[in-house]
Number of protein chains: 2
Amino acid sequence: MTAAKPPRESRPASAQSGRRASRLVDIAEAAGVHVSTVSRVLNGDPAQSIRPETYERILSAARQQGYRPNAMARALKRSRAGALTFVIPLLRNPIWVKLQRGSLQRAAERGYVVMIMEEPAEEPRPPDSYRYLVEESRADGLLVATALRIPEHAAGLPAVPHVYVNRRGPHRGNDVVMDESGAVRIFLDHVTGLGHRSVAIIDGPPEVDTVHRRVAAARRMCASRGIRLTVRHAPPTEEGGWRATTSMLRQGPVPTACGVGSLNQLFGVMGALRDAGVAVPGTMSLLSFDEDECLAFLDVPVTSVSMPLAELGGAAVDALIARIEGRPAGDLMIREPMSLLLRGSVSRPGAQPAASDVEG
Amino acid sequence: MTAAKPPRESRPASAQSGRRASRLVDIAEAAGVHVSTVSRVLNGDPAQSIRPETYERILSAARQQGYRPNAMARALKRSRAGALTFVIPLLRNPIWVKLQRGSLQRAAERGYVVMIMEEPAEEPRPPDSYRYLVEESRADGLLVATALRIPEHAAGLPAVPHVYVNRRGPHRGNDVVMDESGAVRIFLDHVTGLGHRSVAIIDGPPEVDTVHRRVAAARRMCASRGIRLTVRHAPPTEEGGWRATTSMLRQGPVPTACGVGSLNQLFGVMGALRDAGVAVPGTMSLLSFDEDECLAFLDVPVTSVSMPLAELGGAAVDALIARIEGRPAGDLMIREPMSLLLRGSVSRPGAQPAASDVEG
DNA sequence: CTGTTAGCGCTTTCAT
DNA sequence: ATGAAAGCGCTAACAG
């Protein structure tokens with residue numbers, strides 16, 4: 001009735017691999033014990049009371065065979081993949097690199113691997129379209145960093161552990177964001193302290209959550225301080241920054257200080273100011289809400305607000321794992337460390353071109 | 001003896017998910033057939049000759065239940081994870097974004113997901129230290145884009161399907177690279193065509209494979225054309241570019257044209273030229289081997305060579321999958337599309353500052 | 001045309 | 001202190 005077990009060679013060998021990976025049963029055989037014993041030992045089962053002798057035999061056999069647990073089998077048994085998926089818009093903007101780095105590192109520390117899925121920047125897909133990764137149990141949860149908050153994307157991700165990173169989701173309770181309002185305050189404190197009374201913000205589209213929060217904070221603060229505020233929304237590209245600036249310079253009273261939402265826009269803004277013969281910081285003070293080392297090496301070094309991006313990435317991973325494990329959770333705002341990096345692009349209004357950042 | 005099957009509720013429900021994911025057996029039950037039939041139908045088994053009636057019943061049940069195959073179970077059964085791991089240095093350099101994008105897209109087309117692992121740029125780990133991902137069968141193969149080619153890393157990755165991306169591995173046969181030599185030729189043709197006879201290359205450390213190949217090509221071509229060549233290696237940062245340039249300007253006959261290996265270095269190079277009062281392109285023509293849109297918006301727009309990065313990423317995925325599937329393979333060089341993007345930073349030697357790129 | 005059977009490699013009660 | 005056995009969800013012969 002029962003046929004003899006087929007020989008081991010019958011299984012597919014990976015193209016480049018000679019030897020098969022060793023399994024629990026292989027090391028059990030070598031150690032002369034049962035696989036369950038091996039499993040217990042290798043997992044450091046708390047309820048273990050293994051004879052030191054067999055313990056050693058198992059460990060050395062495992063080491064000698066270079067044993068690696070099969071993550072798929074384990075995932076299947078435990079119904080837990082040990083992987084997270086990061087849905088992220090792969091833009092040239094360097095903030096994503098710092099964010100990714102923070103997440104990868106924290107995830108590694110917590111025993112998870114991270115799969116990165118690109119969100120096409122041109123035609124964004126709703127976050128919902130990534131849940132299949134969890135449903136196929138390739139991942140235990142989703143880190144969603146897509147920037148948009150538009151109606152079609154409002155459905156959200158019920159029934160799948162997830163966290164919105166650097167944006168607020170449609171339902172609250174699953175957001176991990178930074179203190180954009182604090183960044184705006186730093187900007188305004190700096191320039192108003194130097195005497196500026198008419199400031200501008202050039203930023204991305206208002207549908208981007210971070211943009212939305214920066215602009216809202218700016219409106220509120222400027223209103224209460226009696227500061228004139230000009231806001232320009234544009235695509236988050238060099239071209240977008242150029243157009244926004246050029247059009248701003250054409251219309252009405254030109255502000256004397258300007259905060260720019262992204263590095264890419266900043267290049268466009270500087271290009272437009274140069275084309276228009278507007279001196280920085282002499283006629284226009286400039287500050288970037290994206291920090292990048294290259295800012296220090298530009299024609300006129302650009303002052304920026306440095307945001308806690310790596311911390312955001314790490315905190316998002318922690319928050320997601322908490323949800324996966326069913327622990328209570330809520331929205332999170334990462335505030336530290338945030339700092340103003342003084343370089344040469346901000347001065348008193350009407351100051352000479354040679355001026356550089358002046359202390360408070 | 002045999003206890004009654006425990007109720008279904010006994011399994012762990014994910015924190016945020018109410019309903020469990022539906023399984024093959026669930027839809028088999030709903031359709032009144034056996035799971036193997038469902039499997040065959042859903043996988044479009046070529047040897048299928050299913051009665052259209054049951055076929056429809058199965059499909060509708062699956063659709064109605066929102067069935068998703070469990071990737072872990074499938075992977076376990078097929079001994080194939082359906083995932084690739086991309087080991088990549090998460091630098092600020094935008095070339096990695098384009099590369100990632102090309103890979104992610106191609107992998108998605110071919111039914112694979114991609115996990116990205118960061119290679120810490122500071123203390124690089126040998127490629128070998130990532131093979132555990134394949135050994136745990138989390139991934140079917142490795143895309144290795146770490147830049148270094150140093151002795152400790154020479155062991156390579158025997159026995160694990162892998163491809164070196166944008167660098168050559170220690171053994172040949174698993175490399176997918178771009179035509180760096182061709183890029184150098186474009187640079188030299190352009191500047192020598194304009195009359196330059198003394199050129200420089202400022203690039204990363206010689207241990208980086210792309211740097212090595214660019215410099216080797218430059219030496220060869222300059223020797224055969226009777227062009228004077230100055231080579232400066234420096235860390236691939238703004239700071240590195242600044243130092244290399246400053247030291248070059250101090251020593252001996254200063255070249256009239258300079259190619260720069262990376263965008264980050266380029267900012268440093270431009271800063272150093274500015275600090276030294278060297279006009280671009282009047283006194284020094286400049287070309288970047290990294291293309292990025294911001295180059296068009298700089299003080300003086302910078303001419304660059306645009307490399308086929310997305311194509312490289314896609315080709316690397318194809319090459320890796322070929323290896324995973326045991327198909328014959330070899331080294332690959334991606335040559336197209338590569339182009340010179342003329343902007344304002346290259347002119348005839350000794351030309352006036354206002355000059356911009358001149359045709360051939 | 002469809003059902004039966006036998007696992008993939010691992011964890012986890014439950015016995016002993 | 002260790003072994004036996006069941007089974008995660010799926011696929012793939014092999015029967016009928």
Side-chain angles (χ1 to χ4, degrees), chain A residues 1-6 8 10-13 20-29 31-58 62 65 67-82 135-138, chain B residues 1-6 8 10-12 20-29 31-55 57-58 62 65 67-82 135-138:
Chain A
M1 221 87 178
T2 29
K5 283 189 177 179
R8 276 272 236 87
S10 64
R11 53 202 331 285
R20 274 200 50 247
S22 91
R23 305 158 302 172
L24 228 35
V25 35
D26 296 321
I27 106 160
E29 192 172 356
V33 293
H34 194 264
V35 303
S36 57
T37 310
V38 181
S39 173
R40 275 179 292 234
V41 168
L42 262 34
N43 288 323
D45 188 325
Q48 79 179 230
S49 36
I50 310 280
R51 195 187 314 158
E53 172 189 325
T54 40
Y55 189 87
E56 271 314 321
R57 241 182 318 135
I58 289 174
Q65 297 194 25
Y67 172 75
R68 292 284 179 189
N70 182 312
M72 301 295 108
R74 176 176 284 173
L76 185 57
K77 184 65 187 172
R78 292 195 180 154
S79 350
R80 190 130 304 172
E135 291 175 336
E136 292 182 347
S137 71
R138 275 191 192 278
Chain B
M1 222 82 176
T2 29
K5 282 189 177 177
R8 275 272 237 86
S10 65
R11 53 202 332 280
R20 275 200 48 248
S22 92
R23 303 157 304 172
L24 227 37
V25 33
D26 296 321
I27 106 159
E29 192 172 357
V33 294
H34 194 266
V35 304
S36 60
T37 311
V38 181
S39 173
R40 274 180 293 232
V41 168
L42 262 33
N43 288 322
D45 187 325
Q48 81 181 227
S49 35
I50 311 282
R51 195 186 316 160
E53 175 187 321
T54 41
Y55 189 88
R57 242 182 318 135
I58 290 174
Q65 296 193 26
Y67 172 74
R68 291 284 180 192
N70 183 313
M72 301 297 108
R74 176 177 284 171
L76 185 55
K77 182 65 186 173
R78 292 195 181 155
S79 357
R80 189 130 302 173
E135 291 174 336
E136 292 182 348
S137 71
R138 275 190 193 280

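If you're wondering where the values come from, they're calculated on a predicted model, not measured in any experiment. Throughout, protein chains are lettered first and strands after them, A, B, ... in sequence-line order, and every chain is numbered starting at 1.
Here the CD1-CZ distance, from A:Ile58 to A:Arg40, works out to 9.0 Å after rounding to the nearest 0.5 Å. Interatomic distance, OG1 of A:Thr37 versus CZ of A:Arg51, reported as 10.5 Å (0.5 Å rounding). Going from atom CD of A:Glu29 over to atom CG of A:Leu24 covers 12.5 Å, rounded to the nearest 0.5 Å. To the nearest 0.5 Å, the span separating CZ on B:Arg57 from CD1 on B:Ile27 amounts to 11.0 Å.
Residues A:Ala81 and A:Ser137 approach most closely at CB-O, 3.6 Å, considering heavy atoms. Contact detail for A:Ala28 and A:His34: the closest heavy-atom pair is CB-C, 4.0 Å. Closest non-hydrogen pair, B:Ala21 versus B:Asp26, comes out as O-OD2, 4.2 Å.
If you measure from atom CG of A:Leu76 to atom C1' of C:dG7, you get 12 Å, rounded to the nearest angstrom. The distance from atom CE of A:Met72 to atom C1' of D:dG9 is 14 Å, rounded to the nearest whole Å. Atom CD of B:Glu135 is separated from atom C1' of C:dC10 by 18 Å (rounded to the nearest Å).
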Original post:
If you write DNA chain C from 5' to 3' in dot-bracket form, with Watson-Crick or G-U pairs under 3.5 Å, [ ] for crossing pairs and | for pairs with another strand, what do you get?
Top reply: ||||.|||||||||||
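Using a 4.0 Å heavy-atom criterion, one finds that B:Ser137 contacts no nucleic acid atom at all.
Straight-line distance between the P atoms of C:dC1 and D:dT11: roughly 22 Å, to the nearest whole Å.
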Show the distances under 3.5 angstrom between N or O atoms of the protein and N or O atoms of nucleotides 10-13 of chain D.
residue, atom, partner, partner atom, Å
D:dC10, OP1, B:Tyr67, OH, 2.5
D:dC10, OP1, B:Asn70, N, 3.3
D:dC10, OP2, B:Leu24, N, 2.4
D:dT11, OP1, B:Asn43, ND2, 3.4
D:dT11, OP1, B:Arg74, NE, 2.7
D:dT11, OP1, B:Arg74, NH2, 3.0
D:dT11, OP2, B:Ser39, OG, 3.0
D:dT11, OP2, B:Asn43, ND2, 3.4
D:dT11, O2, B:Lys77, NZ, 3.2

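No donor-acceptor pair closer than 3.5 Å links the side chain of A:Arg68 to the backbone N or O of B:Glu136.
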